[in-house]
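To keep things clear, I will list the structure first and then write my remarks on it.
For the numbers below, each heavy atom of this structure counts, side chains included, while hydrogens, waters and symmetry mates do not.
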Amino acid sequence: MSYKKTIFTGTLILTLSGFLSRILGFYNRIFLSNLIGARELGIYQLIFPVYMLCFTLVCHGFETGISNLTSRFYAVGEKTNIHRLIRLTAAMAFFLALLLMTILYEGAGYLSGHLLHETSAAPALRIAALSLPFVAVKSCLHGYYIGLNRSAVPAASQLIEQCARVGSIYLLSVSVYLFTADARIAAWGMVIGEAASTVYTILAYLYTNRTAGRKHFADVRFPAGQKRPAGTGQKSMPFSHMVREFFSFSVPLTINHFSLTIISSLENMLIPFMLVSCLGSQTRALECYGTLTGMALPFLFFPATIINSLSVMLLPAISFSYKQKKMMQIRSTIAKSLHYCIIIGIFSTFGFLIYGNTLGSLVFGSEEAGHYVYMFAILCPFMYVAQTISSIVNGFGQTRKTLYHNLLGMGTRILFILTLIPSMGIQGYLYGLLVSYAVQILLDLLCVFRITAFPFSVEKTLLLPAALALAGGWLSEQLYQHLLVSGSLHPFLPLLISGLFYCTFFMSVQYMVERLSM
């Protein structure tokens with residue numbers, strides 16, 4: 001399979017899986033918001049700053065490090081080293097997860113009272129800790145499949161996790177005589193979902209290596225004129241060298257993610273704390289925080305499913321091509337990736353500006369959630385581009401630079417949280433996000449341009465998509481108002497029909513323009 005087709009296929013599979021998972025996730029959030037209320041949803045969201053610290057240590061560095069090293073072994077056909085790498089890293093991640101699970105479980109009471117300033121979060125935090133061994137093993141195997149550009153298993157695992165989570169929460173909710181309707185139900189759903197997806201991923205890995213392991217290496221391509229190395233697929237790297245190779249990449253990346261997670265956790269804990277100064281009530285601050293993070297922001301992250309999938313596939317693809325010195329291929333990949341990220345961001349911004357308020361009211365029954373969707377819509381292009389360009393920089397092995405850039409961006413957000421939220425509320429947080437993403441994008445772009453320049457068209461990537469989104473948005477809004485006036489349809493149907501019209505109009509015209517310009 002060609003380089004471009006590999007990235008496209010992998011991105012498509014992960015995107016479809018991500019869309020289905022997010023649809024299930026939306027149903028889950030709607031169900032939870034009605035079942036446990038905004039305050040308990042806020043408490044559930046509040047445990048993640050602490051949980052994500054442990055999650056980062058056992059997942060991000062391992063998964064990305066395995067993905068990167070697997071793609072490098074794959075580039076020279078060293079099958080034996082890949083499977084030795086998986087066994088080594090999965091064992092390390094599992095035992096590290098057990099240690100962190102014990103610490104988090106035993107210290108949940110102290111952390112909830114002194115760090116989160118919400119003692120009622122302790123039970124949900126203890127339950128969430130039980131998922132760490134599952135996510136540790138699963139992340140290692142996902143890194144293996146992504147490194148081989150085989151995204152079907154991670155995609156299926158993602159779907160299984162979401163289905164198991166939603167199903168278990170529903171079953172627990174009907175067992176009212178055993179479980180109180182609070183944040184613990186959501187935490188148990190997370191644990192059960194992670195356990196189910198991990199079991200599937202392990203079984204898939206065992207089956208793959210028993211029946212079709214050799215096929216992964218049958219189509220390894222080498223640059224023109226380069227012969228397949230002698231002993232390909234049989235050469236065994238010394239254990240000490242493998243450990244050094246893995247940790248030389250994964251440790252900086254883990255430190256990167258962990259440092260970012262610490263600051264992100266501080267950021268997420270500060271938001272409700274500073275909102276108390278603005279709103280004057282702890283309960284109101286938790287409700288506001290739960291509405292923003294549990295209802296509004298998931299809407300903005302929904303189109304990011306494509307960006308997430310692209311970012312996952314870009315890192316090993318860039319690393320593979322960089323290893324083989326295919327700079328023309330890399331430049332083309334970067335240009336097209338950023339082009340489509342910006343287009344998706346512009347499309348999403350106009351869509352949320354037009355329908356944000358309506359979405360919050362219809363889906364969650366919350367005008368406040370709709371107001372936040374409308375308010376934060378401008379973030380979409382910044383969020384999507386920042387994620388993609390950061391993945392590209394990591395693909396070049398510049399993990400320290402992404403750390404510095406992300407730390408500076410998050411530090412900027414915290415400064416805005418401390419200075420603006422007490423007087424401006426959530427709007428102050430929006431300003432902080434805009435400035436921090438802009439700083440991060442500029443620094444990452446400078447880093448990429450030092451390695452290789454790539455083409456960029458302001459007309460095709462910015463002006464034309466903005467004009468199409470504006471025209472399509474205006475037409476779809478007129479259609480929506482016309483359908484509302486008829487009064488014969490369910491309130492959700494006019495929104496669905498006009499939204500599909502907006503999407504179809506934008507995509508079809510954008511496609512025709514790009515075809516004509518080729």
Side-chain angles (χ1 to χ4, degrees), residues 15-16 18-23 25-27 29-30 291-310 338-388 426 430 433-434 437 460-484 489-514:
T15 298
L16 292 175
F19 272 133
L20 291 173
S21 296
R22 287 188 183 271
I23 290 171
F26 267 113
Y27 167 79
R29 288 179 184 275
I30 296 168
T291 301
L292 174 67
T293 58
M295 300 181 192
L297 291 184
F299 274 118
L300 303 180
F301 292 142
F302 190 83
T305 304
I306 302 174
I307 310 303
N308 294 340
S309 306
L310 177 62
L338 291 178
H339 172 71
Y340 289 114
C341 281
I342 294 172
I343 288 177
I344 293 169
I346 292 172
F347 166 81
S348 303
T349 291
F350 278 89
F352 289 130
L353 285 174
I354 296 168
Y355 297 112
N357 288 307
T358 306
L359 281 169
S361 300
L362 282 181
V363 176
F364 289 107
S366 170
E367 292 184 4
E368 185 179 20
H371 175 65
Y372 290 155
V373 173
Y374 174 85
M375 183 191 300
F376 282 75
I378 191 65
L379 281 176
C380 291
F382 295 90
M383 289 193 303
Y384 304 165
V385 172
Q387 182 176 354
T388 301
I426 290 297
L430 171 62
L433 287 171
L434 283 171
Y437 280 130
K460 293 180 181 179
T461 306
L462 293 177
L463 300 181
L464 177 62
L468 291 179
L470 183 61
W474 183 82
L475 290 172
S476 66
E477 172 67 11
Q478 298 304 306
L479 175 61
Y480 178 68
Q481 295 298 332
H482 175 74
L483 293 172
L484 279 182
L489 298 174
H490 185 279
F492 187 74
L493 285 178
L495 178 65
L496 179 62
I497 293 170
S498 55
L500 288 173
F501 172 82
Y502 171 62
C503 183
T504 303
F505 175 88
F506 182 89
M507 292 179 64
S508 58
V509 177
Q510 180 70 40
Y511 175 77
M512 286 189 292
V513 170
E514 292 200 4

Quick one: list whatever passes ring pair (Phe, Tyr, Trp, His ring centres under 6.0 Å) with F352, sequence neighbours left out.
none
Going by ring pair (Phe, Tyr, Trp, His ring centres under 6.0 Å), name the residues that satisfy it together with Y374, two or more places apart in sequence or in a different chain.
none
Shortest non-hydrogen separation from [X] to [Y] and the atoms involved:
{"X": "G472", "Y": "Y502", "value": "C-CD1, 3.5 Å"}
{"X": "Y355", "Y": "G499", "value": "OH-N, 4.3 Å"}
{"X": "A369", "Y": "A296", "value": "O-CB, 3.7 Å"}
{"X": "I346", "Y": "L462", "value": "CD1-O, 3.8 Å"}

Spatial distance of atom [atom1] ([X]) from atom [atom2] ([Y]) [nearest 0.5 Å]:
{"X": "T358", "Y": "Y480", "atom1": "OG1", "atom2": "OH", "result": "4.0 Å"}
{"X": "T349", "Y": "Y384", "atom1": "OG1", "atom2": "OH", "result": "7.0 Å"}
{"X": "L475", "Y": "S498", "atom1": "CG", "atom2": "OG", "result": "11.5 Å"}
{"X": "M375", "Y": "L300", "atom1": "CE", "atom2": "CG", "result": "11.5 Å"}
{"X": "S361", "Y": "E368", "atom1": "OG", "atom2": "CD", "result": "11.0 Å"}
{"X": "I426", "Y": "F376", "atom1": "CD1", "atom2": "CZ", "result": "5.5 Å"}

Decide yes or no for [X] and [Y]: does some side-chain heavy atom of the first lie under 4.5 Å from some side-chain heavy atom of the second?
{"X": "T461", "Y": "P465", "answer": "no"}
{"X": "I378", "Y": "L430", "answer": "yes"}
{"X": "C503", "Y": "F347", "answer": "yes"}

Ignoring hydrogens and angles, tell me if any N or O in the side chain of T388 forms a donor-acceptor pair with the backbone of V385 under 3.5 Å.
no
